[in-house]
Each structure stands twice: as C-alpha cells, then as structure tokens.
Amino acid sequence: MTPADLAAAVLEAVRGAVETGELHIDVPAEAVIERPKSREHGDYATNIALRLAKPAGRPPRDVAEAIATQLRRCAGVAAVDVAGPGFLNITLDGAAQGALVETIVAAGSSYGHTTALAGQKINLEFVSANPTGDLHLAHVRWAAVGDAMARLLQASAADVTTEYYFNDAGSQIDRFAASLYAVARGEQVPEDGYHGEYVAAVAEQVVADHPGVLEQPGEDALEVFRVHGIERMFGRIRSSLDQFGVHFDVYFNERDLHRLGRIEETVERLRAHGHVYESEGAVWLRTTDFGDDKDRVIVRSDGRPTYFCADLAYYVDKRDRGFDRIVIILGADHHGYVPRMRALVRGLGEDPDQTLEIPIGQMVSARGGRLSRRAGNVLSLDDLIEAVGVDAGRYAMVRSSMDSAIDIDLDLWASRTSENPVFYVQYAHARIASLLRNAAESSIDRGAVADADLSRLSSERETDLLGTLGEFPGVVTAAAELRAPHRIARYLEELSGTYHRFYDDCRILPRGDEELSPEAVPRLWLCEATRLVLANGLGLLGVSAPDRM
RNA sequence: GCGCCCGUAGCUCAGUGGAUAGAGCAGCUGCCUUCUAAGCAGUGGGUCGCAGGUUCGAGUCCUGCCGGGCGCGCCA
C-alpha cells in the first residue's frame with residue numbers, strides 16, 4: 001500500500017463517517033499523509049481530523065475517532081490510534097507494507113512518475129548566456145538546476161520544452177565582434193571589450209575559416225567576425241553543455257525576433273492596449289500602472305528596441321507557440337527584471353500569475369582546488385568538469401535550495417570520500433548492484449516478485465526502508481510543483497542512509513555453506529526496489545548510478 | 001533610500017502551519033575470517049538573528065529591527 005493509496009483510504013473513511021451521520025461536512029479533495037518522525041506514532045499519520053474539526057464544529061479528537069472507526073475496516077490497515085491533539089496514527093499490516101516492493105519493481109524506471117502536472121504545457125528557459133564568453137559557475141548552476149527541473153516536470157507528466165535564448169543581437173555582441181577583430185589584427189582590445197584566452201582562440205578560428213578576412217574593408221571584416229565569432233562561441237558553449245549532459249529542445253535566436261518583425265508587432269500590441277507613450281524621442285511603456293517603480297523605455301530614441309522589449313517579444317512568441325506557462329530561471333543579479341517583465345505582461349492584458357514564473361537563484365562561488373587561483377567566479381564549466389567531474393559538479397549544484405547562495409568546495413567535491421554526498425548516494429547504489437551480482441553468481445533464483453513472501457519484510461529496518469521508498473513519488477511531485485530539485489538530492493541521501501542501516505542489520509546472502517534463509521528472497525527484492533529508486537532519483541538529477549565503484 | 005534572497009548544531013546545509021527541530025561532515029567511543037568499512041552503532045553539540053503579532057499549534061505566516069548577499073540604466 002502506497003501513501004497515495006492510504007490517502008485515498010482516509011478520504012473513503014471520511015466519506016463513510018459522513019454517510020453514517022457521524023460527521024456533517026464536505027469530504028475534502030485530498031488528505032495529507034506523512035511519515036511520523038517517531039515510529040511510536042505508527043507507520044503513517046494524518047492531520048485530517050485537525051483540519052476538519054472547525055468545519056465539523058466538533059473537537060478534533062471526536063472527529064478523529066469518527067474517522068478512525070471507519071478506517072479500521074480498511075484492508076491492509078492493522079491499527080489506527082488517535083493521538084495528541086487529534087492526529088490519526090496508522091499502522092499497516094505486513095503484507096500491505098511489503099506489497100510496495102512489488103509496486104516499485106513492476107513500475108521499474110517509471111516508479112516516481114505521476115500525473116500531477118498532466119495537461120500543463122510548460123516552456124522552461126535557463127542558462128541563456130550571451131555568446132560572448134564561456135559559461136561560468138553561475139550558468140552552470142542554472143544548467144544543472146534547469147535540466148533537473150525539466151526532468152522533474154516531465155516525470156510529473158507536464159509537457160515540457162527546454163529552451164536556450166541565444167542573445168545574438170545588441171551592443172554586447174558588437175563589443176565582442178570588435179574585440180575579436182582587434183585581437184586578430186594584433187591590436188589592443190578596447191577597454192569595454194572582452195578579454196581572455198578564449199577571445200584569441202575564437203579570433204584565430206575565424207581567421208582560419210576565412211583566410212582573406214583581414215584584407216577586407218573594416219565593416220565587412222567586422223561583420224565576418226560578428227557572425228562567425230558568435231557561431232564559434234556558441235559552439236564552445238554547446239559543446240560544454242553537451243559534456244555536462246545538458247541538451248536543450250530549442251535554441252532560440254534573438255535575431256529571428258528582429259528579422260521576423262516580432263519586436264514591432266509586440267510594440268504595436270502594447271500600443272493597442274493603451275499603455276504606451278512617447279517622450280524625449282523614445283517609446284515608453286507605463287509599467288507604473290502595474291506596480292513597477294518607474295516607467296520603462298521599450299524603443300530607444302535612436303529607434304532601436306531595448307533588450308527587454310525583445311524579451312517581451314520572445315515571451316509573446318512562446319505564448320503564440322501554445323505554452324500556457326512560461327518559466328525562466330534567472331540569477332539573483334537579474335532579479336530586478338522580474339517586476340518589469342510582469343508589468344510588461346500585464347501591459348499585454350495577460351495575468352503574469354497565470355502565465356509567467358521567474359524562479360530566482362542565488363549566486364554561486366567556488367573555493368579550493370588548484371583552479372581556485374583563477375579568482376573564484378570566473379571558473380568555467382569546463383574547469384569545473386575537469387576539477388570534480390560531471391556527476392559531482394551537477395550534484396553540487398542541485399543539492400542546495402536555489403534560494404541559498406552556495407560556495408562550492410572543489411576539494412570536497414573532487415574527493416572520493418564519504419565527505420562527498422554524491423559518493424554516499426552512488427555508493428549505496430553500487431553496493432546494491434554488487435549484492436545482486438553476488439546473488440546471481442551464487443545462482444540464487446529470486447523467482448517472480450509476485451511469488452515472493454514480501455510480508456516477511458517486517459523488521460524495523462525493513463519497514464523503515466519500505467516507508468522511505470514509498471515517499472518517493474510524493475517527493476518527486478513536491479519537487480516538481482515547488483520547482484525545487486534539491487529535494488530529490490536530500491531524499492536520496494536519506495534513502496541511502498536508510499538502506500545502509502538496513503544492510504548493516506539484515507544479512508541477506510548465506511555465509512559459507514548456510515542454507516538460504518526465508519528472508520533472503522524478499523530482501524533481495526527489497527534491495528532491487530531500493531536500487532530502482534536510487535537510479536530513478538539520480539536520473540532526475542542527471543547523475544549516473546554506477547554498478548561498481 | 002527602495003526591492004528580492006538568506007540568517008537553524010563547531011562547519012556545510014535540509015525542514016509545502018503540526019507531535020520531542022534534523023542530516024552529512026568535523027570531535028569522541030566501538031564494529032570488518034564470510035553480501036563493497038566510500039559503511040554502521042553509540043555519544044556530545046541548539047535563545048531556529050532579535051522583538052512583537054496572528055492561532056488549538058510558528059523554524060515555517062504578518063510587522064518592525066539587526067547582520068550578510070544581490071539588484072535598482074534609453075547596458076544585457
């Protein structure tokens with residue numbers, strides 16, 4: 001019996017109490033089931049009676065008693081106690097608990113998937129770094145978090161498209177092109193230009209691809225460096241992301257918005273909604289009507305649109321492509337953008353609470369490791385992969401809440417010790433894989449899971465493990481809804497610990513010439529179920545689940 | 001000055017209004033002739049930044065203050 005099954009049973013019990021006239025209330029849509037911190041409080045607990053006390057006009061404990069009476073009749077429920085202010089503490093019978101293993105094994109790689117977000121068409125944009133330099137640590141965080149979030153949303157049945165907004169127009173690009181051109185001609189890079197080894201490397205590649213470029217007139221040559229420099233730079237970015245295991249469904253070019261006239265269309269839409277005025281030669285949007293602290297220019301006095309006018313056109317484009325929810329992950333250094341963007345959306349007559357969501361992530365820095373001499377923040381994605389590897393790099397980035405600024409300790413994440421959380425989790429998976437290999441090599445036949453006596457999984461360590469395994473789908477759903485992939489990492493650490501304690505306490509394979517114990521087969525299936533959940537969870541984070549370490 | 005985020009064990013951090021606030025690491029004490037000791041058990045460690053408020057109940061919600069991070073362009 002899964003927590004979801006139990007929640008349904010609790011609601012059924014409430015319905016029963018209503019039908020018998022014990023309670024006079026509307027049956028709620030859902031029941032919250034949680035694992036009590038202390039096992040003295042049963043396998044599961046629900047606070048539903050506390051929540052229903054007010055509408056029922058009865059003391060919480062009375063409501064609890066009425067529900068408990070009904071719930072005790074439910075198959076698989078061994079005991080129901082009313083405790084404290086009105087909690088229902090529920091104990092399942094052994095067979096109902098053990099049956100979870102069969103549920104997990106049968107679901108396999110889809111265990112943890114739900115339909116919680118079915119029907120939602122979500123566009124998830126992240127990274128979107130300008131092609132003027134290599135990805136650095138902050139981008140890496142959004143790459144890891146965004147990719148994990150996409151996997152979570154998909155696991156919750158949302159229709160997700162991941163997108164990278166390729167900012168290939170604007171003054172930053174002009175500066176980048178000018179820097180490339182300067183370097184190629186052996187000149188000093190302008191003060192406001194881009195510096196670094198990669199600029200020289202890209203310039204060199206462009207010259208190699210276009211041998212005559214330096215003989216061309218200045219404007220033409222600059223255009224070659226602009227177009228092909230961006231292309232090269234973007235190639236570098238994509239190949240880094242590729243190595244990191246992050247692939248986007250759509251790479252969207254800002255240029256297309258300009259080329260297809262989408263910017264002008266968007267300005268006209270805004271104008272039609274009556275929030276546009278002209279002043280000092282520029283076109284303004286009256287965003288103060290929508291809570292912004294000042295009005296914003298959307299078309300500069302020289303006729304060029306501002307960057308967030310393009311961003312709004314991009315938003316419109318996404319909406320036109322049928323997405324009902326636009327999610328954009330941004331770093332805290334861009335959070336001032338949020339009220340503006342919301343105001344712009346309202347200027348279009350849409351409700352940003354329904355269509356636009358901008359999770360803000362706090363900053364990331366790094367210390368330690370031989371790369372730290374490169375002054376912390378300029379650590380690139382490639383540097384990180386070289387320093388700690390893909391798995392540790394991704395895990396380090398998703399392990400903490402986006403709301404927390406993090407400081408990555410490269411020495412710790414590079415270490416192959418128990419200090420390193422990703423190894424703790426991966427080790428649990430490898431340990432199980434090894435155990436299952438040994439069982440196979442000893443020719444132990446697990447048979448079919450349906451034939452295993454899973455009710456034998458009744459010791460404290462076994463039921464702890466079962467309980468934790470049962471939580472997984474709820475954790476995935478919560479992580480998806482709250483856009484909080486770090487919850488998966490924390491869960492996996494908890495599950496790993498629970499497994500290690502089970503492993504330490506419960507011998508599985510026979511030693512020497514011992515007989516196969518009656519617990520062996522059910523426990524092997526419990527191990528397999530645990531391995532599946534660890535693999536599924538790591539998969540949601542884009543981290544590998546090794547069979548050997 | 002205004003806005004967003006953070007403040008929880010020595011350190012790094014979890015904690016979707018519920019019961020005695022948790023984990024990992026670090027410290028100390030134990031556990032490997034047989035399934036991976038990259039593990040486990042035990043132990044110490046807390047004014048949940050401070051002060052009010054909301055309620056059956058607040059680390060969690062509200063207000064104010066203190067400390068830290070990040071923003072506040074016709075830059076992106």
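Reminder, nothing fancy here: chain letters follow the sequence lines and each chain counts from 1.
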Output the rounded distance in Å from [atom1] ([X]) to [atom2] ([N]).
| X | N | atom1 | atom2 | answer |
| --- | --- | --- | --- | --- |
| A:Ile328 | B:C4 | CD1 | P | 19 Å |
| A:His500 | B:C40 | NE2 | P | 5 Å |
| A:Glu471 | B:G22 | CD | C1' | 14 Å |
| A:Gln172 | B:G73 | CD | P | 16 Å |
| A:Trp284 | B:G73 | CH2 | C1' | 10 Å |

Using the [atom1] atom as the point on both nucleotides, what is the distance between [M] and [N], in whole Å?
| N | M | atom1 | value |
| --- | --- | --- | --- |
| B:A76 | B:A14 | P | 34 Å |
| B:G67 | B:C31 | C1' | 45 Å |
| B:C11 | B:G46 | P | 12 Å |
| B:U47 | B:U36 | C1' | 45 Å |
| B:G42 | B:U54 | P | 42 Å |
| B:C6 | B:U60 | P | 12 Å |
| B:G45 | B:G53 | P | 32 Å |
| B:C5 | B:G27 | C1' | 33 Å |

Shortest side-chain distance from [X], nucleotide among [options]:
| X | options | result |
| --- | --- | --- |
| A:Arg300 | B:G39, B:A76, B:C35 | B:A76 |
| A:Ile406 | B:C6, B:C13, B:A76 | B:C13 |
| A:Ala282 | B:A37, B:C40, B:C74 | B:C74 |
| A:Leu435 | B:G69, B:C35, B:G39 | B:C35 |

Task: side-chain hydrogen bond (donor to acceptor under 3.5 Å, both in side chains) against A:Ser459, all qualifying residues, sequence neighbours excluded - done: A:Glu462
What does [X] touch in the nucleic acid at a heavy-atom separation under 4.0 angstrom: a base, only the sugar-phosphate, or nothing?
| X | answer |
| --- | --- |
| A:Cys527 | nothing |
| A:Ser401 | sugar-phosphate |
| A:Asp547 | base |
| A:Ser434 | base |

TODO: Determine whether the aromatic ring centres of A:Tyr424 and A:Tyr427 lie less than 6.0 Å apart.
DONE: no
Task: ring-ring contact (aromatic ring centres under 6.0 Å, His included) partners for A:Phe225, two or more places apart - done: A:Tyr181
Task: salt_bridge(A:Arg501, A:Asp464) N-O dist < 4.0 Å - done: no
Can you tell me if the side-chain N/O atoms of [X] get under 4.0 Å from OP1 or OP2 in [N]?
| X | N | value |
| --- | --- | --- |
| A:Arg35 | B:G15 | no |
| A:Lys294 | B:C2 | no |
| A:Ser404 | B:A14 | yes |

Could you write out each protein N or O paired with an N or O of nucleotides 24-31 of chain B at a distance under 3.5 Å?
none

Open item on the list: With the threshold set at under 4.0 Å for non-hydrogen atoms, list the residues of residues 507-517 of chain A touching RNA chain B in residue-number order.
Closed with: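 Here the set is A:Arg507, A:Ile508, A:Leu509, A:Arg511, A:Gly512.
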Task: Contacting residues from residues 330-338 of chain A, given that a heavy atom lies under 4.0 angstrom of RNA chain B - done: A:Ala332, A:Asp333, A:His334, A:His335, A:Gly336
- [ ] Name the orientation of the base relative to the sugar in B:C32: syn if the glycosidic angle is within 90° of 0, else anti.
- [x]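 Syn.
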Task: Pair A:Ser544-A:Asp391, side-chain hydrogen bond (donor to acceptor under 3.5 Å, both in side chains): steps then yes or no - done: CA-CA 7 Å; A:Ser544 73; A:Asp391 282 345; 2.5 Å; yes
TODO: With sequence neighbours excluded, give me every salt bridge (charged side-chain N to carboxylate O under 4.0 Å, His left out) pair touching residues 470-488 of chain A.
DONE: A:Glu357-A:Arg483
Open item on the list: Please list all pairs meeting salt bridge (charged side-chain N to carboxylate O under 4.0 Å, His left out) that have one or both residues in residues 129-138 of chain A, counting only residues at least two apart or in different chains.
Closed with: A:Asp134-A:Arg236
Task: Non-neighbouring partners of A:Glu34 that pass side chain to side chain contact (heavy atoms under 4.5 Å, CB included), sequence neighbours left out - done: none
Open item on the list: For A:Pro352, give me all partners under side chain to side chain contact (heavy atoms under 4.5 Å, CB included), at least two apart in sequence or on another chain.
Closed with: A:Arg342, A:Val345, A:Arg346, A:Leu356
Task: Side-chain-base donor-acceptor pair under 3.5 Å for A:Thr306 and B:C74 - done: no
TODO: Examine the base of B:A76 for any acceptor or donor lying under 3.5 Å from a partner atom in the side chain of A:Tyr307, and report the outcome as yes or no.
DONE: yes
Open item on the list: Looking only at side-chain N and O atoms, does A:Ser365 offer a donor or acceptor that is under 3.5 Å from a partner on A:Asp407?
Closed with: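 A pair is found: one side chain offers a donor N or O, the other an acceptor, under 3.5 Å apart.
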- [ ] Classify the side-chain pair A:Tyr277/A:Asp295 by whether it contains a donor and acceptor separated by less than 3.5 Å.
- [x]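 Side chains of A:Tyr277 and A:Asp295: pair found under 3.5 Å.
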Please set out all donor-acceptor pairs under 3.5 angstrom arising from side-chain atoms of residues 58-67 of chain A, sequence neighbours excluded.
unit_1, atom_1, unit_2, atom_2, d
A:Arg58, NH1, A:Glu22, O, 2.8
A:Arg61, NH1, A:Gly84, O, 2.7

- [ ] Using both pair distances under 3.5 Å as the test, note the stems of at least 3 consecutive Watson-Crick or G-U pairs that include RNA chain B.
- [x] B:1-7 with B:66-72, B:10-13 with B:22-25, B:27-31 with B:39-43, B:49-53 with B:61-65
Task: Test side-chain hydrogen bond (donor to acceptor under 3.5 Å, both in side chains) applied to A:Tyr314 and A:Glu163, step by step - done: CA-CA 11 Å; A:Tyr314 184 31; A:Glu163 201 146 325; 2.8 Å; yes
Which protein N or O atoms sit under 3.5 Å from an N or O of nucleotides 16-21 of chain B?
unit_1, atom_1, unit_2, atom_2, d
B:U16, OP1, A:Arg487, NH2, 2.8
B:G18, N7, A:Asn47, ND2, 3.4
B:A19, OP2, A:Lys37, NZ, 2.8
B:A19, N6, A:Asn89, OD1, 2.8
B:A19, N1, A:Asn89, OD1, 3.1
B:A19, N1, A:Asn89, ND2, 3.3

TODO: Enter the distance from A:Glu441:CD to A:Ser434:OG here, rounded to the nearest 0.5 Å.
DONE: 8.5 Å
Task: Pairwise distance CG(A:Leu270) to OG1(A:Thr287) - rounded to 0.5 angstrom - done: 11.0 Å
Open item on the list: Here's one to test your reading of the geometry: is the NZ or CZ of A:Arg340 within 45 degrees of the ring axis of A:Phe308 and under 6.0 Å from its centre?
Closed with: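 Yes, a cation-pi geometry.
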